[in-house]
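Notes for the one structure printed next.
By convention in this document, chain letters (A, B, ...) are assigned in the order of the sequence lines, proteins followed by strands, and residues within each chain are numbered from 1.
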2 protein chains.
Amino acid sequence: MTKQKSVSLTRFELEIMRVLWDLERASVRELQENLSEKRRPAYTTVQTIVRRLEEKGAVHRLRKIGNALIFEPAIARKAVHGRLITELLQMFGGSARPLMAHLAEMGKLNLEDVRELETLITEQQENPPDSPVAKGKRERKAR
Amino acid sequence: MTKQKSVSLTRFELEIMRVLWDLERASVRELQENLSEKRRPAYTTVQTIVRRLEEKGAVHRLRKIGNALIFEPAIARKAVHGRLITELLQMFGGSARPLMAHLAEMGKLNLEDVRELETLITEQQENPPDSPVAKGKRERKAR
DNA sequence: CCAATCCTACTACATTTGTAGGTATTGCGT
DNA sequence: ACGCAATACCTACAAATGTAGTAGGATTGG
């Protein structure tokens, strides 16, 4: 339930979301300041993107501090990432293998990574998706 | 040498390229017919995209058959894929691990895949990039 | 309480992307 | 040689995206 439509985000929107996910919540000003030095558009530009994200249901207003609106993500990073991955995977014929091979070739994967991954997969097989353990919030950062 | 500028392709352009890479060479008609049943726009639409791809240097005219132009890719699938992967990776903080974890969670990776990958990486470490063995074309499909 | 400041809401506009129509050409079959 | 059918080529336009300015309301330090 509470299933949100799978919004499709543009490059720049994704960039903003990346920052917002990292900060957990932020004002437009904070978002702008946290963009990478390269490609940091005007304040109002960021504002516009945030508005569009709001329209798309990707973020929502949490509250006001002073006269500034504080936004927080309305969609999970994981969900969006999943979408992106799926899309990329399609370019590779739907299978993860060629993608992995590519990563290896690019030197983005070493044996240690793979070993770790192996452990992860094994664990997952033992702990199916909705095992009672992982129910509910899993972390909460003070901020 | 012969280094082509890393063109950036849109969704639809990528879709066309995907087909073209698969077919190795094709006319606009063939490209259109080989798009997935969903999302198959008008002939002239495909033509427009092909023209833009040509302008971007992503494809070029190979020859004419009848009065139809035959196109072929002018950029390697691998190069484009690499770009896409790098981009996606940035969303994940530049490291491949979270991506892998995600794939595992999505059930897109099983132990067999990982084992295979392990082998691959090991081989790559033994056979550095420009070892004389791998020089030149590595496969050639009869067609 | 008042002005300097900060923020929002609205509007605008250029560029890119998706989509396609109309017209000029070109080969081919007869 | 001619006309038909398929194709190329040019043009157009709507929607999405990136980018930003302006007007006016809210906040707050003094």
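B:Met91 has its side chain within reach of A:Trp21: a pair of non-hydrogen atoms, C-beta onward, lies under 4.5 Å apart.
The residue A:Thr48 sits close to a base: some heavy atom pair falls under 4.0 Å. Using a 4.0 Å heavy-atom cutoff across all strands shown, B:Arg40 reaches no nucleic acid atom at all.
Under 4.0 angstrom from either OP1 or OP2 of D:dT19 there lies at least one side-chain N or O belonging to A:Arg39. Phosphate proximity of C:dC6 to A:Tyr43: absent, as no side-chain N or O sits under 4.0 Å from OP1 or OP2. Using a 4.0 Å cut-off, no side-chain N or O of A:Arg61 falls inside it from OP1 or OP2 of C:dT8. Considering only side-chain N and O atoms, A:Lys56 lies nowhere under 4.0 angstrom from the phosphate OP1 or OP2 of D:dA16. Taking side-chain N and O atoms only, B:Thr45 has a distance below 4.0 Å to OP1 or OP2 of C:dA20.
Across the protein-nucleic acid pair, A:Ile49 atom CD1 and C:dA9 atom P stand 16 Å apart, rounded to whole Å. Distance, A:Glu30 CD to C:dC7 C1': 13 Å, rounded to whole Å. Counting to the nearest Å, the C1' atom of D:dG18 and the CG atom of A:Leu14 are 14 Å from each other. Distance, B:Leu35 CG to C:dT19 C1': 13 Å, rounded to whole Å. The distance from atom CD1 of B:Ile70 to atom P of C:dT26 is 17 Å, rounded to the nearest whole Å. Spacing between atom CZ of B:Arg29 and atom P of D:dA8 amounts to 9 Å, rounded to whole angstrom units. Nucleotide C:dT15 holds its C1' atom 14 Å from the CD atom of B:Glu55, rounded to whole Å. Atom CG in A:Leu9 sits about 9 Å away from atom P in D:dT17, given to the nearest Å.
Across B:Val59 and B:Met17, no two heavy atoms sit closer than the pair CG1-SD, 3.5 Å.
Distances were taken from every side-chain heavy atom of A:Ala68 (C-beta onward) to each of C:dT8, C:dG18, D:dT17; the shortest belongs to C:dT8. Here the side chain of A:Ala42 is nearest to one of D:dT19, D:dC9, D:dA20, namely D:dA20. Taking every side-chain heavy atom of B:Thr10 into account, C:dT17 is the closest of C:dT17, D:dG18, C:dT19. For A:Gln47, taking side-chain heavy atoms from C-beta onward, the closest of the listed nucleotides C:dT8, C:dC7, D:dA20 is C:dT8. Nearest to the side chain of B:Arg11, among D:dT19, C:dT19, C:dG18, sits C:dG18. Here C:dT11 is the nucleotide among C:dG21, D:dT19, C:dT11 with the atom lying nearest to any side-chain atom of A:Arg51.
Under the 6.0 Å distance and 45° angle rule, B:Arg63 does not count as a cation-pi partner of B:Phe71.
Here the CD-CG distance, from A:Glu15 to A:Leu31, works out to 10.5 Å after rounding to the nearest 0.5 Å. Distance check, rounded to the nearest 0.5 Å: OG1 of A:Thr86 to CZ of A:Arg83 gives 8.5 Å.
A:Phe92 and B:His81 have their aromatic ring centers within a separation under 6.0 angstrom.
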What's touching nucleotides 25-27 of chain D from the protein side, N or O pairs under 3.5 Å?
from: D:dG25; atom 1: N2; to: A:Asn67; atom 2: ND2; distance (Å): 3.3

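For the pair B:Ser27 (side chain) and B:Glu30 (backbone), a donor-acceptor distance under 3.5 Å is present.
For the pair A:Glu13 and A:Arg52, the salt-bridge criterion is not met [side-chain N within less than 4.0 Å of a carboxylate O].
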